[in-house]
Enquirer: 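Take a look at the following structure, please.
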Amino acid sequence: MMKWLLLCLSCLMLLAATPAWADVSRDDAAAAAQRQTGGRVLSVDRSERDGRPVWRVKVVTEQGEVKVVFIDAASGRAI
């Protein structure tokens with residue numbers, strides 16, 4: 001019984017430490033980066049920055065410059 005309880009508690013702690021990605025979708029992150037740069041989105045990947053879940057969005061601007069924009073996965077704001 002005690003082993004089962006410890007196992008359940010361990011699983012709950014792991015789930016609590018897992019970043020929640022559902023707040024801001026991949027499409028929302030791409031749209032936010034596109035609005036900020038005016039460029040065309042090349043890729044969108046999950047990542048972490050300073051211990052926070054973020055979307056890493058690579059865009060190419062109208063001038064042909066490739067930029068990486070980090071979008072906070074909880075708020076949808078560029079960081």
Enquirer: Please report, to 0.1 Å, the donor-acceptor pairs under 3.5 Å made by any side chain of residues 64-79, with sequence neighbours excluded.
Expert:
{"residue": "Asp72", "atom": "OD1", "partner": "Ala74", "partner atom": "N", "Å": "2.8"}
{"residue": "Asp72", "atom": "OD1", "partner": "Ser75", "partner atom": "N", "Å": "2.8"}
{"residue": "Asp72", "atom": "OD1", "partner": "Ser75", "partner atom": "OG", "Å": "3.4"}
{"residue": "Asp72", "atom": "OD2", "partner": "Arg52", "partner atom": "NE", "Å": "3.4"}
{"residue": "Asp72", "atom": "OD2", "partner": "Arg52", "partner atom": "NH2", "Å": "3.3"}
{"residue": "Ser75", "atom": "OG", "partner": "Arg77", "partner atom": "N", "Å": "3.2"}

Enquirer: Go through the structure and list residues passing side-chain contact (heavy atoms from CB on, under 4.5 Å) with Arg26, not counting sequence neighbours.
Expert: Val44, Trp55

Enquirer: Under the rule for side-chain contact (heavy atoms from CB on, under 4.5 Å), what residues qualify as partners of Glu62, not counting sequence neighbours?
Expert: none

Enquirer: Search all heavy atoms of Ala33 against all heavy atoms of Val59 and return the closest pair with its distance.
Expert: CB-CG1, 4.3 Å

Enquirer: Taking salt bridge (charged side-chain N to carboxylate O under 4.0 Å, His left out) as the cut-off, I'd like each qualifying pair that reaches into residues 27-38, sequence neighbours left out, listed once.
Expert: none

Enquirer: Using the side chain to side chain contact (heavy atoms under 4.5 Å, CB included) rule, pick out the option among Arg49, Glu48, Arg46 that qualifies with Val54.
Expert: Arg49

Enquirer: Quick check: closest heavy atoms across Arg56 and Ser47, and the distance to 0.1 Å?
Expert: CB-CB, 4.3 Å

